[in-house]
Amino acid sequence: METAERLDLVTRHTEEVVTTDELEALLAEGSPSAYIGYAPTGEMHIGHFTTMRKLADLLSAGVDVTVLIADLHAHLDDEKSPFDLLDARSEYYREAIEGMIDAAGADPDEITFVRGTDYELDEEYTLELYRMAAETTIARSQRAASEVVRDSDSPALGGLLYPLMQSLDVKALEADIAYGGIDQRGIYMLSREILPDYGWTEPVCLFAPLLSGLTGGKMSASDEGSKVNLTDDPGTVAEKLNAAYCPMGETVDNGVLEYLELLVFPILDERGESFVVERPEQYGGDLVYDSYGDLEAEFVSEELHPADLKPAAAEYISSVIDPVRERLTAQPDLLAEAYPESYGDE
RNA sequence: CCGCCCUUAGCUCAGACUGGUAGAGCAGUCGACUGUAGAUCGACUUGUCCCCCGUUCAAAUCGGGGAGGGCGGACCA
C-alpha cells in the first residue's frame, strides 16, 4: 500500500493530527507503533466503538497496535473506579474491546493488550515518574489533566500524577503514535513537551472526535439517554434513537448522523452493503444509500426526514452492536462483578 | 499540632442569627404542538436537611459530642 493511501486511512475521521508531516514521515519509514489507553471506568458505549473502527484502520495501514487497559488511571483520575473493582473492570474492558474490534471487522489477535499494572509499578517506571514529578508544577499538570481534575479547586494528587504516568506510558510501550479522544489533547501535549527529556521522541498524536450525545450537546457517561450502551437490546436502541435530538436538515450536534458516519457506514463499506431506509409510500417510498455522504446530502436537503431515518439508524446500530451485546450477556459474571451496582446479584 | 469553614432534592445552592418537620434554579416525568427529537407552552414529581445525644410542646435551625470534606497557620529538626 502506498504511503499516501496509508496516511489517508490513518487520518480519516479524526478530529486532529499532530502533526501530519511527522505521521507521514513515520509511515514512509516503515511500520510505526500506535497505542490507545482505555481507563476501565464506566461501561463501554458506542463512543468507544467508533475508536475501534480506527484501530481497524491502523492495522490495515500496517501500524502495530497496542491497547492499554489503564487500570491505575481509572482510580487515580478522580477515583472513577473504586480500587477493588479494577481487576473486574479490566477483565470486562478486555472482553468488550475484543468484541468491538471483532465486530468492527478486525482481528483482536493482531492487537497487543497490556494492563497498566503490568509495568507501571516497575522500578524503572517508578523512578522516572518521581523525576517527572519533581520537574512538573502542579499548575502544569492540572492544565493537562481530565476535566474533573482541571476544573477542581482542590484536585487530589492522583489526578495530577496520572498525566505524568500517561506520558511515561508512551515511552514504556514504545509508541510512535498516541491515539485517543480529543479530550486527551491536554495530556499528550504535555507528553510532547516533556518526553524528549526522558529519552523518547514526542509522539505523533491522533485524536478522535467525541460523539455528540443523542440528547443534543455532548455525550455524557452519566446520562443514559445520551448514549447507546453495548448491552442495549434492539428495543432500547430504538427507544433511544427515537428520543434523539435530530432537527430536520441539521447536522450540528446531531448524534444520529455521527453514529452513522463514524460507525455504521465504515462497517457497511467493509462488508459491501448498503444502508436502506424504509419509508412509507405516502412520503415517497424506500431510500438506499451507498455512502454516508449521499445520506447526509439528502438529509441536509430535507429529502430524508428524521422520522424515517431514526428507525433505520436504530436497526443498523443494533445490528452492529448485537454481537458485542451477545458476547457480554453470555458472560453475566463479567458485568456483575465489574458493576455490582447495576448488575449485581439481586 | 493549632485555628477557621463546609455537609439540605440527581446537580448548584437558599433557608439557620429571630425554632413551628423545607425551597429556588437546573435536571427528570407526563401532556399540547410539530410527520422525529429539540425549542416553546401547560402540569407534576423529587428529600434518613451527615450521624448521635441533649434543650423544648415543637429542632434543618439552639447546645454538646462524633464523622467526612476543604482551607490556612505553626513546626522546619
Side-chain angles (χ1 to χ4, degrees), chain A residues 41-43 45-47 75-84 134 137-139 141-142 145-161 210-229 232 234-265 275-289 292 294-319 339-344:
Chain A
T41 53
E43 273 188 76
H45 50 69
I46 197 164
H75 186 67
L76 290 173
D77 183 8
D78 199 42
E79 299 184 278
K80 285 173 179 167
S81 283
F83 198 74
D84 57 5
T137 64
I138 290 174
S141 190
Q142 186 172 18
S146 67
E147 197 173 5
V148 272
V149 174
R150 202 177 335 121
D151 293 346
S152 171
D153 292 330
S154 43
L157 186 54
L160 302 176
L161 215 47
L210 298 186
L211 296 188
S212 295
L214 287 176
T215 48
K218 288 299 171 193
M219 183 155 71
S220 161
S222 54
D223 178 5
E224 276 302 312
S226 78
K227 66 192 202 296
V228 170
N229 287 321
D232 285 342
T236 305
V237 174
E239 276 175 29
K240 287 184 177 178
L241 264 291
N242 179 53
Y245 169 81
C246 189
M248 183 158 67
E250 181 64 66
T251 59
V252 181
D253 282 340
N254 192 325
V256 178
L257 291 179
E258 290 177 21
Y259 287 15
L260 296 178
E261 178 183 17
L262 300 173
L263 186 63
V264 173
F265 271 95
F275 186 87
V276 180
V277 176
E278 289 179 16
R279 185 169 65 171
E281 286 304 325
Q282 174 190 1
Y283 298 114
D286 294 358
L287 296 164
V288 179
Y289 299 102
Y292 172 75
D294 294 347
L295 183 149
E296 185 183 290
E298 293 212 338
F299 185 81
V300 169
S301 72
E302 303 186 0
E303 163 68 16
L304 173 59
H305 193 280
D308 296 317
L309 176 63
K310 282 180 168 183
E315 194 175 317
Y316 280 89
I317 289 168
S318 284
S319 75
Y339 304 98
E341 298 295 314
S342 331
Y343 298 91

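Each chain gets a letter, A, B and so on, in the order its sequence line appears, and its residues count up from 1. Side chains included, hydrogens not; waters and symmetry mates left out as well; all remaining heavy atoms used.
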Enquirer: Measuring from the side chain of A:P306 (C-beta onward, heavy atoms only), which nucleotide among B:G35, B:C71, B:U36 has the closest atom?
Expert: B:U36
Enquirer: Between A:E303 (CD) and B:U36 (P), how many Å, whole number?
Expert: 17 Å
Enquirer: For the pair made of OH in A:Y283 and C1' in B:U34, what is the distance, rounded to whole Å?
Expert: 12 Å
Enquirer: Could you check how far OH of A:Y259 sits from P of B:A37, rounded to whole Å?
Expert: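 To the nearest whole Å, that distance equals 18 Å.
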Enquirer: Write down the distance separating the P atoms in B:G23 and B:G35, rounded off to the nearest Å.
Expert: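 One P to the other, the span is 41 Å.
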Enquirer: Applying the Watson-Crick and G-U wobble criteria at under 3.5 Å, what pairs with B:G54? Answer none if nothing qualifies.
Expert: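 Check on B:G54: paired to B:C62, both distances under 3.5 Å.
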Enquirer: If you measure from the P atom in B:G65 to the same atom in B:C5, how many Å do you get, rounded?
Expert: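 It works out to 14 Å between them.
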Enquirer: If you compare all heavy atoms of A:L210 against all heavy atoms of A:E258, which two are closest, and at what distance to 0.1 Å?
Expert: O-OE1, 4.1 Å
Enquirer: For residues 304-314 of chain A, which side-chain N or O atoms pair as donor and acceptor with protein atoms under 3.5 Å away, sequence neighbours left out?
Expert:
residue : atom : partner : partner atom : Å
A:H305  : ND1  : A:A307  : N            : 2.9
A:K310  : NZ   : A:N242  : O            : 2.9
A:K310  : NZ   : A:A244  : O            : 2.7

Enquirer: Quantified in whole Å, what is the C1' atom distance between nucleotide B:U29 and nucleotide B:G69?
Expert: 33 Å
Enquirer: Which residues, if any, of residues 240-251 of chain A bring a heavy atom under 4.0 Å of RNA chain B?
Expert: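 Within residues 240-251 of chain A, the residues near RNA chain B are A:N242, A:A243, A:A244, A:Y245, A:C246, A:P247, A:M248.
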Enquirer: Given side chains that start at C-beta, do those of A:F299 and A:N254 come closer than 4.5 Å, heavy atoms only?
Expert: yes
Enquirer: How far, in whole Å, is B:G15 from B:A9 if one measures between their C1' atoms?
Expert: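 Roughly 14 Å separates the two C1' atoms.
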Enquirer: Side-chain contact, heavy-atom cut-off 4.5 Å: A:I317 with A:V264?
Expert: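 Yes. Closest side-chain heavy atoms under 4.5 Å.
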Enquirer: In the structure shown, which nucleotide is the Watson-Crick or G-U wobble counterpart of B:G31, with both distances under 3.5 Å?
Expert: B:C41
Enquirer: Which nucleotide, if any, forms a Watson-Crick or G-U wobble pair with B:A67, using both distances under 3.5 Å?
Expert: B:U7
Enquirer: Tabulated below should be each protein N or O lying under 3.5 Å from an N or O of nucleotides 4-10 of chain B; please produce it.
Expert:
none

Enquirer: Who does B:C1 pair with, Watson-Crick or G-U, both distances under 3.5 Å?
Expert: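 B:G73 - that is the nucleotide pairing with B:C1, both distances being under 3.5 Å.
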Enquirer: Whole Å only: how far is the CZ atom of A:R279 from the C1' atom of B:U36?
Expert: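 So the CZ-C1' distance, A:R279 to B:U36, works out to 14 Å.
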Enquirer: Given the C1' atoms of B:U21 and B:A27, what is the spacing between them in whole Å?
Expert: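 To the nearest whole Å, 26 Å.
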Enquirer: Measure the spacing between CE of A:M219 and CG of A:L214 and express it to the nearest 0.5 Å.
Expert: 8.0 Å
Enquirer: With a 4.5 Å limit on heavy-atom distance, are the side chains of A:Y245 and A:P247 in contact?
Expert: yes
Enquirer: Could you tell me how far apart A:E302 (CD) and B:U36 (P) are, to the nearest whole angstrom?
Expert: 13 Å
Enquirer: For A:G42, does its backbone N or O pair with a side-chain atom of A:Y339 as donor and acceptor, under 3.5 Å?
Expert: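 Such a contact is found between A:Y339 side chain and A:G42 backbone.
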Enquirer: Are A:K218 and A:E147 close enough for a salt bridge, meaning some N to O gap below 4.0 Å?
Expert: no
Enquirer: Under a 3.5 Å cut-off for both contacts, is B:U36 paired Watson-Crick or G-U wobble with anything, and if yes, with which nucleotide?
Expert: none
Enquirer: Can you tell me how far P in B:G64 sits from the matching atom in B:G3, rounded to whole Å?
Expert: 14 Å
Enquirer: Paired with B:A22: which nucleotide, if any, by Watson-Crick or G-U wobble criteria at under 3.5 Å for both distances?
Expert: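 None - no nucleotide pairs with B:A22, as no candidate has both distances under 3.5 Å.
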Enquirer: Suppose we define a pair by two distances each less than 3.5 Å, Watson-Crick or G-U wobble; what does B:C49 pair with here?
Expert: none
Enquirer: Distance check, P atoms only: B:U55 and B:U61, in whole angstrom units.
Expert: 15 Å
Enquirer: Which heavy atom in A:Y289 sits nearest to a heavy atom in A:E298, and how many Å separate them?
Expert: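 So the two residues come closest at OH-OE1, 2.7 Å.
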Enquirer: On a whole-Å scale, what distance lies between the C1' atoms belonging to B:U12 and B:G20?
Expert: 28 Å
Enquirer: Within this structure, what is the CG-to-C1' distance between A:L287 and B:G35, rounded to whole angstrom?
Expert: 15 Å
Enquirer: Verify the neighbour count for atom CD of A:E278: are there more than 12 heavy atoms of other residues, nucleotides or ligands below 6.0 Å?
Expert: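 At most 12 heavy atoms, drawn from other residues, nucleotides or ligands, come within 6.0 Å of this atom.
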Enquirer: Counting only heavy atoms from other residues, nucleotides and ligands, does the tally under 6.0 Å from CD of A:E315 exceed 12?
Expert: no
Enquirer: Using atom CG of A:D253 as one end and atom P of B:U36 as the other, report the distance to the nearest whole Å.
Expert: 20 Å
Enquirer: What's the CG-C1' distance between A:D78 and B:G69, to the nearest Å?
Expert: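 So the CG-C1' distance, A:D78 to B:G69, works out to 14 Å.
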